[in-house]
Amino acid sequence: METLNGLRREARMTRVGSRVLVALPLVLLCGCGDSTGPGSTQTFEWSGQVDPGDVIEIRGINGSIQAVPASGSTTRIVATKRGENDDPATVRIDVVEHDGGATVCAVYPDVPGQPENECLPGGQGNLSSRDNDVSVTFNVEVPDFAELVAVTVNGNVTAQGMSEDVFGTTVNGNVDVTTAGIAVGTTVNGNIDVSIGQSDWDRNLSFVTVNGNVTVRIPSSTNAEVSGVTVNGSVSTDFPLTINNERTRMTGVLGSGGRLLALTTVNGSVALRER
């Protein structure tokens with residue numbers, strides 16, 4: 001997950017102290033078990049407040065992350081745990097508050113001989129799920145003033161109708177994002193389909209997969225340098241960019257230029273579309 005280490009707010013998040021929430025004013029924690037033991041399903045619910053500009057950070061391993069806009073200023077998270085051979089109760093959901101927002105993790109049992117699993121902001125700590133088949137699906141309601149960082153390994157990252165920045169990473173799954181802000185998307189085995197509403201950025205934006213297509217939609221007024229590359233596939237664009245004869249690479253400058261917009265895959269197609 002090193003691709004997220006440069007996120008502009010994660011640096012601030014890792015500099016501040018944090019603690020696992022037990023009970024706080026305006027915060028609701030609920031571990032709601034429907035049943036126990038292998039083959040069962042359990043749910044965990046949390047709701048609380050974050051400040052404008054804060055980050056809601058979700059970190060899973062097995063399971064998808066699905067985000068939608070909140071109806072007000074309250075963040076709500078429902079984590080659904082399912083296990084076939086392992087008990088969902090063996091996986092706990094940790095909620096960590098800090099000055100940069102809130103971090104929520106699926107924490108699996110420790111692996112002998114490996115560092116202790118720990119939920120910390122900004123991608124710190126350690127999370128491993130070796131030999132545990134429990135999946136955790138996160139459903140997240142994000143207020144319109146908060147950013148979202150969504151990280152999993154086996155599952156999709158979906159965030160539709162967001163107002164602020166979204167940073168989505170998985171390994172085996174798709175990244176599907178629509179936001180009025182900016183976004184970053186990374187996977188290995190899956191497609192990336194992202195629509196961003198901001199036309200000028202304060203950082204480079206990258207959308208990378210290995211086995212899958214990359215489609216990015218941007219405003220017509222975007223100012224950026226563009227690089228689009230595939231090995232086994234083709235590139236296409238709605239913008240006046242240069243495409244090589246093999247149709248595997250496109251480059252160019254949009255508007256007055258600016259930060260880099262990079263779209264990259266190995267086995268798949270690359271498309272840059274007007275939003």
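The chain is numbered in sequence order, starting from 1.
Here the side chain of N244 pairs a donor or acceptor atom with the backbone of R249 at under 3.5 angstrom. Judged purely by atom type and a 3.5 angstrom limit, N213 uses its side chain to pair as donor or acceptor with the backbone of S269. A donor-acceptor contact shorter than 3.5 Å is absent between the side chain of T74 and the backbone of Q49. Put simply, the side chain of N174 gets close to the backbone of N191: a donor and an acceptor are under 3.5 Å apart. Proximity of a side-chain donor or acceptor of K81 to a complementary backbone N or O of P88 within less than 3.5 Å is detected. In this structure a side-chain-to-backbone donor-acceptor pair under 3.5 Å is present from Q198 to D200. Of the possible polar contacts, none joining the N126 side chain to the E118 backbone as a donor-acceptor pair under 3.5 Å is found. A donor-acceptor distance shorter than 3.5 angstrom exists from the side chain of D133 to the backbone of D86, with no hydrogens or angles considered. Using modelled atom types, no side-chain atom of T75 and backbone atom of S47 make a donor-acceptor pair closer than 3.5 Å. A donor-acceptor distance shorter than 3.5 angstrom exists from the side chain of T170 to the backbone of G155, with no hydrogens or angles considered.
Under the 4.5 Å side-chain contact rule for hydrophobic residues, I218 and V229 do not share a cluster. No path of Ile, Leu, Val, Met, Phe, Trp and Tyr side chains, each step under 4.5 Å between heavy atoms, connects L272 with V208, placing them in separate hydrophobic clusters. Y108 and V151 end up in the same hydrophobic cluster when Ile, Leu, Val, Met, Phe, Trp and Tyr side chains are linked at under 4.5 Å. In the hydrophobic clustering of this structure, W46 groups with I93; members are Ile, Leu, Val, Met, Phe, Trp, Tyr whose side-chain heavy atoms approach within less than 4.5 Å, directly or through other members. The hydrophobic cluster containing V140 also contains V55, counting ILVMFWY residues as joined when their side-chain heavy atoms lie under 4.5 angstrom apart, directly or transitively.
Counting heavy atoms from C-beta on, the side chains of L205 and I182 come closer than 4.5 Å. Taking 4.5 Å as the limit, some side-chain heavy atom of V214 sits within range of a side-chain heavy atom of T209. Considering only heavy atoms from C-beta on, T264 stays 4.5 Å or farther from V270 through its side chain. The shortest side-chain heavy-atom distance between V136 and V91 falls under the 4.5 Å cut-off. By the 4.5 Å heavy-atom criterion applied to side chains, V142 and M162 are counted as neighbours.
Summarising the geometry of F145 relative to V50, their closest heavy-atom pair is CE1-O, 3.3 Å, with the distance given to 0.1 Å. In plain terms, the two heavy atoms of L254 and F239 that are nearest each other are CD2-CB, 3.7 Å. In plain terms, the two heavy atoms of D87 and S40 that are nearest each other are OD1-OG, 4.3 Å. Taking every heavy atom of both residues into account, F207 and L261 meet most closely at CE1-CD1, 3.5 Å. Closest approach of A67 and L148 over heavy atoms only: CB-CD2, 3.6 Å. Nearest heavy-atom pair, V96 versus C119, reported as atom, atom and distance to 0.1 Å: CG2-O, 3.6 Å.
Here the straight-line distance linking atom CG of D176 with atom OG1 of T158 works out to 5.5 Å at 0.5 Å rounding. To the nearest 0.5 Å, atom CG of residue D54 and atom CD of residue E164 are 11.0 Å apart. Here the OG-CZ distance, from S221 to R275, works out to 11.0 Å after rounding to the nearest 0.5 Å. Here R259 contributes atom CZ and T222 contributes atom OG1; the two are 15.0 Å apart, rounded to the nearest 0.5 Å. Separation of atoms SG (C105) and CG (L127) is listed at 5.0 Å; rounding is to 0.5 Å. Distance CD/E141 to CD1/I56: 10.0 Å, rounded to 0.5 Å.
The 12-atom threshold is not exceeded at CD of E116, counting heavy atoms of other residues, nucleotides or ligands nearer than 6.0 Å.
The salt bridge (Lys or Arg N to Asp or Glu O under 4.0 Å) check on D238 picks up R273, with sequence neighbours excluded. Listed by chain and residue number, D94 satisfy the salt bridge (Lys or Arg N to Asp or Glu O under 4.0 Å) test with R92 (two or more places apart in sequence, or in another chain).
Checking N132 against T90 by side-chain atom types alone, a donor-acceptor pair falls below 3.5 Å. Side-chain contact of S234 with R247: a donor-acceptor pair under 3.5 Å is absent, judged by distance alone. A donor-acceptor contact under 3.5 angstrom links the side chains of Q160 and T178, judged on distance only.
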Between D193 and R217, is a salt bridge (Lys or Arg N to Asp or Glu O under 4.0 Å) present by the stated rule, with each step listed? CA-CA 8 Å; D193 193 322; R217 297 171 180 82; 2.4 Å; yes
Set out, in order, the CA-CA distance, both residues' side-chain angles and the distance that settles side chain to side chain contact (heavy atoms under 4.5 Å, CB included) for V78 and F44, then state yes or no. CA-CA 6 Å; V78 177; F44 173 92; over 6 Å; no
Evaluate the criterion side chain to side chain contact (heavy atoms under 4.5 Å, CB included) for residue pair V235 and T248; output intermediate values, then yes/no. CA-CA 6 Å; V235 299; T248 59; 5.6 Å; no
Does the pair I196 and W201 meet the rule for a side chain to side chain contact (heavy atoms under 4.5 Å, CB included), with working shown? CA-CA 11 Å; I196 62 178; W201 318 310; 3.7 Å; yes
Show your reasoning for whether side chain to side chain contact (heavy atoms under 4.5 Å, CB included) applies to S128 and N117. CA-CA 7 Å; S128 173; N117 283 333; 3.8 Å; yes
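Partner of T103 under the side-chain hydrogen bond (donor to acceptor under 3.5 Å, both in side chains) criterion, out of H98, R59, Q124: H98 alone.
Residue pairs meeting the disulfide (SG to SG under 2.5 Å) criterion with at least one member in residues 172-221, sequence neighbours excluded, do not occur.
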